[in-house]
Amino acid sequence: MKWYKILITITIYIFLQCASSEVFVRNDIDYSKYNRIAVFPLTDYPNRPGSGIQVADMLSMQLINSQYNIIDRSQTMHILQEQQLGMTGFIDESTAPSIGKVLGVQAILTGSISEYQCIQTNIQVVQGADPAYMPISKAAISLKLIDCETGQIVWAGSARGSEIGQNVENIAAQKAIKNILDKFKSLKINVNSPQITNKLTPVPTIPETFFPNLRRNYPKYNKFTDEQIILAFRKNNPQHNDKSDIWIIKYIEKKSKK
């Protein structure tokens, strides 16, 4: 039976290495104009607070290693907080142009996590035999590249990754990121481009906070950033962890009105 166990192990290994991906590409875009890209946190997987930041940091590292000129997630948050903008990863097609001006970037890369969990999988292939369970950690991510001039999504992709073992979703996520970036590299975005100044341009159309009602009616929250408020809400309200940052902002603001 030794050969049988070896065959199962090889089959599982090959299966886990075959990560699938899908992409959407705007063919009418000159991607070489994107000299600098900002990476924003991804939307967390439900009941896994902080997973979006963790994956965004891994994404940033792989982009840097591939010689892309980026502002990573931590730099982005720091710059926005310095400007008292408190964006906390709140970014979409309508806010991208204004944020791009502040950060001095031509495009923004963000997205969401659609899977980030460990599942006990029955790997038994012999009919009638007892189940043989193995822990397999899985991760699935979706990314979108937003043009900061037009606010349009010019590229989007999704990918999955798997790894044998308990609580190794981060390794599965790294595989998914590598798979999706293999597609991303085909865009011929400028790499090793000259560094652009970090000069910031104030944009009056961006509110200083997304919680004006909360801060006006409950001054004790003024000592916290928007990001801290959203993270605290997710921690204290796990039943809403599947909601987006936008939903949470609207919910808190509505509840804060007097």
Side-chain angles (χ1 to χ4, degrees), residues 21-43 52-53 55-57 59-112 141-159 177 180-210 226-227 244-246 249-250:
S21 66
E22 297 179 354
V23 296
F24 157 80
V25 182
R26 283 281 302 270
N27 294 320
D28 58 337
I29 299 296
D30 177 12
Y31 290 93
S32 65
K33 69 179 181 179
Y34 301 127
N35 295 314
R36 200 183 200 197
I37 299 172
V39 177
F40 269 69
L42 280 64
T43 302
I53 289 177
V55 173
D57 287 345
L59 172 63
S60 295
M61 185 59 64
Q62 290 202 30
L63 286 168
I64 291 172
N65 289 339
S66 298
Q67 305 301 310
Y68 285 92
N69 184 12
I70 70 166
I71 301 181
D72 66 21
R73 190 271 313 171
S74 59
Q75 290 176 304
T76 298
M77 293 300 104
H78 178 69
I79 292 173
L80 294 178
Q81 286 177 4
E82 279 188 341
Q83 294 297 295
Q84 297 182 335
L85 300 179
M87 295 301 293
T88 68
F90 173 77
I91 185 72
D92 58 20
E93 296 88 319
S94 63
T95 58
S98 298
I99 296 299
K101 291 180 181 179
V102 175
L103 298 175
V105 300
Q106 295 79 44
I108 290 172
L109 190 61
T110 186
S112 61
I141 62 174
S142 296
L143 299 179
K144 59 182 178 180
L145 185 70
I146 304 175
D147 187 301
C148 287
E149 181 179 0
T150 65
Q152 294 179 329
I153 297 176
V154 296
W155 177 90
S158 62
I177 291 171
I180 200 171
L181 288 186
D182 286 343
K183 307 292 185 181
F184 187 76
K185 292 175 183 177
S186 66
L187 298 181
K188 302 185 184 305
I189 291 176
N190 273 336
V191 296
N192 285 322
S193 55
Q195 292 294 316
I196 303 174
T197 177
N198 275 334
K199 182 178 179 181
L200 304 177
T201 304
V203 182
T205 57
I206 301 178
E208 292 185 356
T209 177
F210 285 105
D226 283 7
E227 182 175 14
S244 67
D245 285 0
I246 298 174
I249 290 168
K250 291 180 178 178

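- Side-chain atoms of Gln106 come within 3.5 Å of backbone atoms of Asn35 as a donor-acceptor pair (strictly under, hydrogens ignored).
- The side chain to side chain contact (heavy atoms under 4.5 Å, CB included) check on Ile153 picks up Glu93, Lys144, Ile146, Ala156, with sequence neighbours excluded.
- Counting heavy atoms from C-beta outward, Ile99 and Val105 have side chains that stay 4.5 Å or more apart.
- For Thr150, there are no side chain to side chain donor-acceptor pair (under 3.5 Å) partners two or more places apart in sequence or in a different chain.
- For Lys185, there are no salt bridge (Lys or Arg N to Asp or Glu O under 4.0 Å) partners, not counting sequence neighbours.
- Among all heavy-atom pairs drawn from Arg36 and Leu103, the shortest one is NH1-O, 3.5 Å.
- The aromatic rings of Phe184 and Trp155 lie perpendicular to each other, with more than 60° between the two planes, well past the 30° mark.
- Inter-residue side-chain proximity for Leu59 and Ile141 is flagged as unmet; no heavy-atom pair is nearer than 4.5 Å.
- At least one side-chain heavy atom of Val154 sits under 4.5 Å from a side-chain heavy atom of Tyr34.
- Nearest heavy atom pair, residue Ser158 against residue Ile180, reads N-CD1, 3.5 Å.
- Taking CD1 of Ile64 as the start and CG of Asn69 as the end, the distance is 9.5 Å to the nearest 0.5 Å.
- Taking every heavy atom of both residues into account, Cys148 and Ala96 meet most closely at SG-O, 3.7 Å.
- Judged by distance alone, the side chain of Ser112 and the main-chain N or O of Leu143 form no donor-acceptor pair under 3.5 Å.
- Every residue meeting the side chain to side chain contact (heavy atoms under 4.5 Å, CB included) condition with Gln62, not counting sequence neighbours, appears here in chain and number order: Gln174, Ile177, Lys178, Leu181.
- Residues Ile53 and Pro41 come closest through the heavy atom pair CG1-CB, 4.0 Å.
- Of all the heavy atoms in Leu187 and Tyr31, the pair that sits closest is O-CB, 3.1 Å.
- Two residues are said to be in side-chain contact when any heavy atoms from C-beta on lie closer than 4.5 Å; Leu145 and Ile189 meet this criterion.
- When all heavy atoms are compared, the tightest approach of Ser142 to Leu42 is O-CD2, 4.3 Å.
- Scored by the side chain to side chain donor-acceptor pair (under 3.5 Å) test, Asp57 finds Arg73 as partners (sequence neighbours excluded).
- Residues meeting the salt bridge (Lys or Arg N to Asp or Glu O under 4.0 Å) test with Asp28, sequence neighbours left out: Arg26.
- A 4.5 Å side-chain heavy-atom check between Lys33 and Asp147 finds at least one atom pair inside the cut-off.
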